[in-house]
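Here the structure is laid out as structure tokens; the discussion comes afterwards.
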Number of protein chains: 2
Amino acid sequence: MKYEEAKDKFISTWGSLGSLWGINKAMAQIQALLFISTKPLSMEDIMDELKISRGNTSMNLRQLMDWGIVTKELIPGERKEFFTTEKDVQELTRIIAKERSRREIQPVIKVLNDVSSIKDDGTEKTKELIKQTKALHDLTLNADSMLNKLVTQKQNWLTKSIIKLLK
Amino acid sequence: MKYEEAKDKFISTWGSLGSLWGINKAMAQIQALLFISTKPLSMEDIMDELKISRGNTSMNLRQLMDWGIVTKELIPGERKEFFTTEKDVQELTRIIAKERSRREIQPVIKVLNDVSSIKDDGTEKTKELIKQTKALHDLTLNADSMLNKLVTQKQNWLTKSIIKLLK
DNA sequence: ATAAACTTTCAATAATTATTGAAAGTTTAA
DNA sequence: TTAAACTTTCAATAATTATTGAAAGTTTAT
């Protein structure tokens with residue numbers, strides 16, 4: 001496999017994986033492109049490489065910047081804006097996990113907490129609702145914490161053990 | 001908050017959370033409904049409760065059964081089929097995590113592995129591609145393993161400590 | 001074998017989400 | 001101040017995904 005082929009394969013795979021971490025295809029592909037680029041890229045560069053429109057590029061870059069994953073880089077003597085992404089995967093994951101926790105998991109924890117706190121009127125169905133939403137509430141907290149744990153760990157000790165197991 | 005209100009709130013919230021764990025709204029809502037129900041429900045019951053069509057109900061129940069989350073229950077003397085869902089959240093999570101790992105994470109690990117194995121031609125961009133896809137490969141393995149870890153743990157020791165921290 | 005009771009399938013349609021492109025906005029250089 | 005270079009916005013459109021409903025399929029009781 002040659003460089004170009006490998007690069008395209010990587011970008012398109014990472015793009016379609018976007019759904020897994022809750023971002024759209026273009027956004028994931030822009031991030032992937034920046035991730036393997038050795039130098040900052042301009043909007044033009046990104047549009048050309050990914051064959052997407054100016055508007056699409058602008059909007060998705062903006063969102064990536066909102067997330068704190070991509071930063072503007074000003075290059076002396078250049079009028080254009082250039083962009084780079086966080087290159088440390090641990091840090092990248094930490095940012096994404098935090099963002100998703102804040103946007104998606106926290107609101108659910110709140111609802112589960114509310115629902116599991118309704119007054120127990122003694123009926124079986126109410127008891128079941130309370131019991132099961134409590135269990136989900138616990139699980140969600142648990143998952144959220146795991147997410148953060150995964151992400152704040154300093155060393156990838158785990159990776160090493162897995163690779164050992166797989167070989 | 002009364003039972004009906006709490007129930008509806010739970011079902012709709014859980015439904016909209018579906019995207020987080022990669023399933024569609026109707027599927028998540030059916031699962032939620034079964035999850036808090038004290039007895040198996042028929043297709044009719046589900047359609048009425050969630051106001052969705054017969055076809056939609058049938059297709060999503062089928063998918064939930066494919067995932068192994070929902071099972072058919074035959075009730076003696078009844079012609080209809082009845083459905084129940086796994087009630088143990090730990091087990092539920094384990095099933096979902098396994099399924100997502102198989103369907104989504106494994107293929108990505110494969111691509112990352114392929115891409116990071118391209119011949120190093122000595123250019124900077126090739127080195128960067130190799131380095132960064134290797135890093136992602138490790139991360140993905142790591143995340144996958146975490147997912148499984150989260151899910152196979154017997155006790156929710158973590159939950160307890162979080163609750164303690166939050167209070 | 002027949003018909004009633006029930007489930008599945010799938011083409012048509014609706015709803016949602018992503019993308020475009022051109023006009024409006026902003027910044028910079030001279 | 002002007003105009004060129006660049007970015008952002010957003011209504012229109014395209015692409016994708018979910019949902020319906022009715023016809024076809026299946027099972028069961030008689």
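A, B, ... follow the sequence lines: proteins, then strands. Residue 1 opens every chain. Keep in mind it's a predicted model, so treat the numbers as computed, not measured.
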### Query
So among Thr57(B), Ile11(B), Asn60(B), Asn56(B), which one has a side-chain contact (heavy atoms from CB on, under 4.5 Å) with Leu50(B)?
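Passing option: Ile11(B).
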Quick one: [X] [atom1] to [N] [atom2], roughly how many Å, whole number?
X        : N       : atom1 : atom2 : value
Lys51(B) : dA15(C) : NZ    : C1'   : 20 Å
Leu50(A) : dT20(C) : CG    : P     : 10 Å
Arg54(A) : dC10(D) : CZ    : C1'   : 16 Å
Met59(A) : dC10(D) : CE    : P     : 8 Å
Ile52(B) : dA14(C) : CD1   : C1'   : 16 Å
Ile30(A) : dA18(C) : CD1   : C1'   : 12 Å
Asn56(B) : dA22(D) : CG    : P     : 15 Å
Ile46(B) : dC6(C)  : CD1   : C1'   : 14 Å

As a test of reading the structure: which of [options] is closest to the side chain of [X], going by heavy atoms?
X        : options                  : answer
Met43(B) : dT20(C), dT7(D), dT7(C)  : dT7(C)
Arg79(A) : dC10(C), dC6(D), dT19(C) : dC6(D)
Asn24(A) : dT9(D), dA18(C), dT20(D) : dA18(C)
Ser53(B) : dG21(D), dT9(C), dT9(D)  : dG21(D)

### Query
After noting the C-alpha distance and the side-chain angles of Leu61(A) and Gln63(A), does the key distance pass the side chain to side chain contact (heavy atoms under 4.5 Å, CB included) rule?
CA-CA 5 Å; Leu61(A) 274 173; Gln63(A) 229 194 310; over 6 Å; no
### Message
Does Glu124(A), at its CD atom, have more than 12 non-hydrogen atoms belonging to other residues, nucleotides or ligands within less than 6.0 Å?
### Response
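No - once you tally the heavy atoms of other residues, nucleotides and ligands closer than 6.0 Å, there are 12 at most.
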### Query
Can Thr126(B) and Asp120(B) be counted as having a side-chain donor-acceptor contact under 3.5 angstrom?
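No - no donor-acceptor pair under 3.5 Å links their side chains.
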### Query
Counting only side-chain N and O atoms of Arg62(B), is one of them less than 4.0 Å from OP1 or OP2 of dT7(C)?
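Checking Arg62(B) against dT7(C): no side-chain N or O falls below 4.0 Å of OP1 or OP2.
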### Task
Scan Glu81(A) against the nucleic acid and name what it touches under 4.0 Å (heavy atoms): base, sugar-phosphate only, or nothing.
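Sugar-phosphate contact only - Glu81(A) comes under 4.0 Å of backbone atoms but never of a base.
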### Query
When you match Lys25(A) and Gly55(A) each to their closest nucleotide on DNA chain D, which lands nearer the 5' end?
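Looking at the nearest nucleotide for each, Gly55(A) comes out on the 5' side.
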### Query
Mapping Thr57(B) and Phe82(A) onto DNA chain D by nearest heavy atom, which one lands closer to the 5' end?
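With Thr57(B) and Phe82(A) compared, the 5'-side residue is Phe82(A).
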### Task
Sort out the partner of dA22(D) for me: Watson-Crick or G-U wobble, both distances under 3.5 Å, none otherwise.
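Because both required distances fall under 3.5 Å, dA22(D) counts as paired with dT9(C).
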### Message
Please name the nucleotide paired to dA15(C) by Watson-Crick or G-U wobble geometry with both distances under 3.5 Å, or report none.
### Response
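dA15(C) is paired with dT16(D).
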### Message
Quick test of your reading of the model: are Glu128(B) and Lys87(A) salt-bridged, counting only N-O distances below 4.0 Å?
### Response
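Lys87(A) and Glu128(B): salt-bridged.
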